[in-house]
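First the proteins, then the strands, lettered A, B, ... as listed; each starts at 1. Keep in mind it's a predicted model, so treat the numbers as computed, not measured.
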Number of protein chains: 2
Amino acid sequence: MARRAAGRFIGWFRPLRGAGQASLQLQLYAAIRAGVLDGRLPPGERLPSSRALGEDLGLSRNTVLGAYDRLVAEGYLAARAASGVYVAEDVPADLGRASPGQAGPASFSQRGRRLIAAAPELAGHELQAARPFMVGLPALDEFPLATWRRLTNRRLRRSDLALFGSGDAQGLPALRQALAGYLTEARGLNCLADQILVVSGAQQALDLVGRVLLDPGDRVVVEDPGYAGAREALAAVGARIEALPVDAQGLDPEDIARLPTPPMLVAVTPSHQFPLGGTMPLARRLGLLALARDTGCLIVEDDYDCEYRYGTPPLPALQGLDGGERVIYVGTFSKVLFPGLRLGYLVLPPHLVAGFVRAKATADGHAPSLPQAVLADFIAEGHLAQHVRRMRKLYRERQQALLAALQRHCGRWLQNGALRVGPAEAGLHLVAEFTDGRDDRALAAAAAAQGLMVAPLSRYGQRRQLSGLLLGYAAFTPAQIEQAVQTLARLLK
Amino acid sequence: MARRAAGRFIGWFRPLRGAGQASLQLQLYAAIRAGVLDGRLPPGERLPSSRALGEDLGLSRNTVLGAYDRLVAEGYLAARAASGVYVAEDVPADLGRASPGQAGPASFSQRGRRLIAAAPELAGHELQAARPFMVGLPALDEFPLATWRRLTNRRLRRSDLALFGSGDAQGLPALRQALAGYLTEARGLNCLADQILVVSGAQQALDLVGRVLLDPGDRVVVEDPGYAGAREALAAVGARIEALPVDAQGLDPEDIARLPTPPMLVAVTPSHQFPLGGTMPLARRLGLLALARDTGCLIVEDDYDCEYRYGTPPLPALQGLDGGERVIYVGTFSKVLFPGLRLGYLVLPPHLVAGFVRAKATADGHAPSLPQAVLADFIAEGHLAQHVRRMRKLYRERQQALLAALQRHCGRWLQNGALRVGPAEAGLHLVAEFTDGRDDRALAAAAAAQGLMVAPLSRYGQRRQLSGLLLGYAAFTPAQIEQAVQTLARLLK
């Protein structure tokens with residue numbers, strides 16, 4: 001236990017050398033205090049002994065004791081006789097601010113702590129290697145790299161030097177034009193290039209929605225289980241999250257109508273509910289739009305995985321339906337092209353466009369122009385449509401391979417109902433739900449030890465705790481899938 | 001007046017066709033309401049007549065009248081007998097929220113309106129063509145494009161496919177390593193790669209500082225005149241801005257010490273004060289660090305234009321001095337390489353790193369990996385140092401050309417003291433200050449009509465209203481500079 005805490009410290013605390021003992025003590029004090037305030041050191045967590053921590057960090061034991069003493073005196077830590085030092089159970093919310101005029105290492109603001117606490121756990125600080133069944137990862141090795149390189153080289157020329165200067169906060173006009181055409185044609189959107197704001201991925205889209213439209217305490221409906229990135233981005237700006245359960249048809253607008261207070265915003269994934277995979281039928285879509293009209297709320301439509309459907313054609317996006325002027329449509333190229341591109345977009349109701357563009361300008365100026373130009377060319381010359389067609393075929397084959405492997409190696413749990421595989425109509429992953437109360441986090445940890453990367457379904461739940469595994473298949477060959485399912489079957493036993 | 005307002009509308013309002021009159025009326029209502037709430041239509045502004053606006057927008061007069069009537073009824077506009085319709089003088093702050101449960105087009109939150117109001121004016125929605133004397137623009141046509149293309153192609157290969165996946169929220173390790181070496185050597189920083197957070201430019205660096213460290217109402221000291229981007233980013237998160245006057249040595253720490261309440265944060269440009277160009281001497285640097293230690297505040301050091309000094313070598317950065325553990329160092333590649341790259345960085349005190357990385361992850365995931373890899377190679381292989389050396393020589397020549405041209409064509413104002421040229425030790429622009437009370441905005445407007453782009457100095461002031469022009473010279477040849485100064489001299493007459 002103490003070792004675990006010490007290990008954590010060493011991960012993020014690194015004393016600045018070349019200063020005296022007083023400074024080292026202050027740095028350690030500040031690091032622990034920051035950990036307590038932002039939740040990395042949760043209440044009740046035991047701290048390592050001063051001797052052990054001193055050894056781990058290469059500090060004298062007195063330096064560590066000095067820092068502990070001050071933290072106990074200030075109420076961040078509590079000393080229990082004969083059993084060591086713990087994080088205090090009740091750290092007052094405003095304890096962290098150095099009051100102006102009071103010396104001491106500056107720390108995070110209340111807003112900052114909310115932002116930090118809501119943030120996704122950052123898995124180490126490394127580029128993660130692709131391992132089955134990583135979720136949300138497309139088949140990078142099938143990406144038309146030669147085409148992308150050719151288009152990139154065509155733009156890396158003197159004649160395109162304007163792309164090297166300051167750009168348009170709303171996004172490169174050529175890209176917005178290409179996107180408007182693509183979205184109108186492929187997704188039935190009702191939009192002009194002027195309604196599009198180019199951002200650096202769906203995460204920034206959701207962050208801007210939260211910053212521009214919500215005040216702390218405003219109510220937001222999200223899906224349960226649902227996409228953690230949306231919930232976290234909206235919680236980070238102080239929204240009050242109402243997680244409503246989804247069924248095979250996604251969110252039910254009737255459930256929203258029954259809330260005592262209507263929300264300001266409803267965030268949904270109607271094309272392919274994340275993570276369960278349901279598709280919202282037209283009746284619910286129209287019901288949701290009617291609810292938005294009646295209550296004055298806005299809908300955030302994350303058109304997640306809309307490109308990858310394997311049977312029925314996709315339903316038109318909410319944004320393109322009657323009443324769609326209350327919809328903010330969010331899209332990203334992370335899964336259609338590649339996550340490292342960091343380009344996404346919002347399609348906004350006309351009266352919100354100018355405000356969002358200004359907010360984007362304040363947040364980070366504008367998206368880089370050169371990749372926008374390459375992407376615009378990629379769309380306009382038909383490469384995007386072609387790539388999506390190719391990948392749809394490939395991913396369907398890989399999905400079939402996964403389903404077949406599950407039948408082969410996990411057939412008995414499928415037959416006795418202990419394992420249930422979710423809808424396979426769309427997307428880059430399948431959900432295998434455990435109906436026998438199995439601990440999915442323990443299984444995911446065991447799988448990780450075997451080199452597999454399966455996300456536990458319970459991670460995505462709020463009030464509902466479903467147990468299961470998310471199995472991303474898009475980035476893996478049938479042979480890799482076969483082998484990984486064999487490993488999984490051994491673990492299930 | 002009415003024409004101006006109408007022109008503004010047409011700039012940002014575009015009715016969605018294909019709907020009935022009721023919908024067009026609602027759209028216009030929502031657009032005007034949004035303009036009132038976010039300050040684009042200031043109190044007392046006269047609106048165009050319903051006839052004129054209808055003609056401009058291609059709407060029937062009744063549609064416009066219907067929208068006006070509703071806005072007057074709701075208190076956004078006021079009708080004055082026989083003189084038309086005006087924006088109401090006193091729009092209550094919470095009028096803009098559609099209360100939950102109340103139908104009507106949703107609008108911006110209070111936070112959103114603050115964010116939008118603080119945002120820099122977006123000059124149209126176009127990439128701006130380079131025109132003398134655009135400020136902050138490097139010589140793009142001198143950028144080593146062939147090298148950049150070669151390095152880009154080297155990374156656009158199958159063996160680097162990891163760069164196409166999800167990246168490190170803190171920034172690509174190779175880039176952080178290269179940066180730590182560069183900053184330690186070139187700027188005297190005391191930093192490890194682990195203290196660096198890669199962001200998408202200085203604007204995002206300042207936005208994150210505000211979001212993570214400040215709560216609404218927290219006091220922040222900025223320079224007067226000063227960099228609008230910093231002031232706006234910090235005001236956008238609700239900070240209370242204390243603008244303190246700078247002299248030829250930048251900000252005086254004594255002025256901060258005299259404030260009735262010490263600030264949480266002090267944002268400075270010690271290398272090359274923006275816009276006036278002074279360099280903060282060592283005594284003031286140490287004074288500022290002592291003040292930070294005594295009061296517990298943090299210093300944000302925007303090491304603006306540190307690479308381009310033309311005489312004396314640069315002073316070490318605040319961050320590298322004793323007490324530098326209270327400094328957040330901000331840097332960008334917008335001026336050293338090119339603005340469209342959108343890569344910058346923060347060097348953070350160790351105890352703040354983990355929190356900032358999480359905030360970056362929530363804000364937009366991470367900076368795109370591919371340009372980070374190219375930049376890392378560019379630095380590691382010595383191209384950055386070489387480019388800076390070449391540009392330092394070139395910019396110095398261009399500065400000399402500008403000074404000589406000013407002597408030739410504006411000599412009499414320089415001699416009689418009506419025009420004063422600021423320090424020429426560093427940077428990409430010179431300041432020509434008017435001491436005769438001339439209206440710099442009028443002159444900048446007249447220059448714009450002649451194809452020149454000169455920023456009025458008064459734009460950067462808060463409580464101080466200096467008059468003058470910022471003359472960016474880095475991107476222009478001596479011949480272009482000569483011609484532009486001739487034009488300017490004609491306008492000065």
Name the member of A:V237, A:L337, A:L343 that forms the most heavy-atom pairs with chain B at distances under 4.5 Å.
A:V237

Looking at A:A475, A:P216, A:G344, which has the largest count of heavy-atom pairs under 4.5 Å with chain B?
A:P216

Can you say whether [X] sits under 4.5 Å from chain B via the side chain, the backbone, both, or neither, judging by heavy atoms?
X	value
A:R157	both
A:A146	neither
A:P371	neither
A:T152	side chain
A:L140	both

Locate the shortest heavy-atom distance separating [X] from [Y]; write the atom from each residue and the value.
X	Y	result
B:L161	A:D141	CD1-CA, 3.6 Å
A:G165	B:P339	C-CB, 3.8 Å
B:A236	A:T362	CB-CG2, 3.8 Å

Output, in order, the C-alpha distance, side-chain angles, deciding distance and verdict of side-chain contact (heavy atoms from CB on, under 4.5 Å) for A:V199 and B:D364.
CA-CA 9 Å; A:V199 294; B:D364 64 358; over 6 Å; no

Most chain A-contacting option - heavy-atom pairs closer than 4.5 Å, from [options]:
options	answer
B:R158, B:K360, B:Q372	B:R158
B:G340, B:A367, B:A233, B:G112	B:G340
B:L206, B:L208, B:V212	B:V212
B:W148, B:F143, B:F164	B:F164

A:R211/B:D207 salt bridge by N-O under 4.0 Å criterion:
yes

Atom pair [atom1]/[atom2] of [X] and [Y] - distance to nearest 0.5 Å:
X	Y	atom1	atom2	answer
A:S109	B:M264	OG	CE	7.5 Å
A:L352	B:S107	CG	OG	7.0 Å
A:F108	B:D215	CZ	CG	12.5 Å

Whatever's closer than 4.5 Å to a heavy atom in chain A on B:L341 counts as backbone

Would a distance-only check, ignoring hydrogens and angles, find a side-chain to backbone donor-acceptor pair under 3.5 Å from A:R111 to B:L214?
yes

Checking A:R358 side chain against B:L115 main chain: does a donor-acceptor pair fall under 3.5 Å?
no

In terms of heavy-atom contacts, does CG of B:N153 have more than 12 from other residues, nucleotides or ligands at under 6.0 Å?
yes

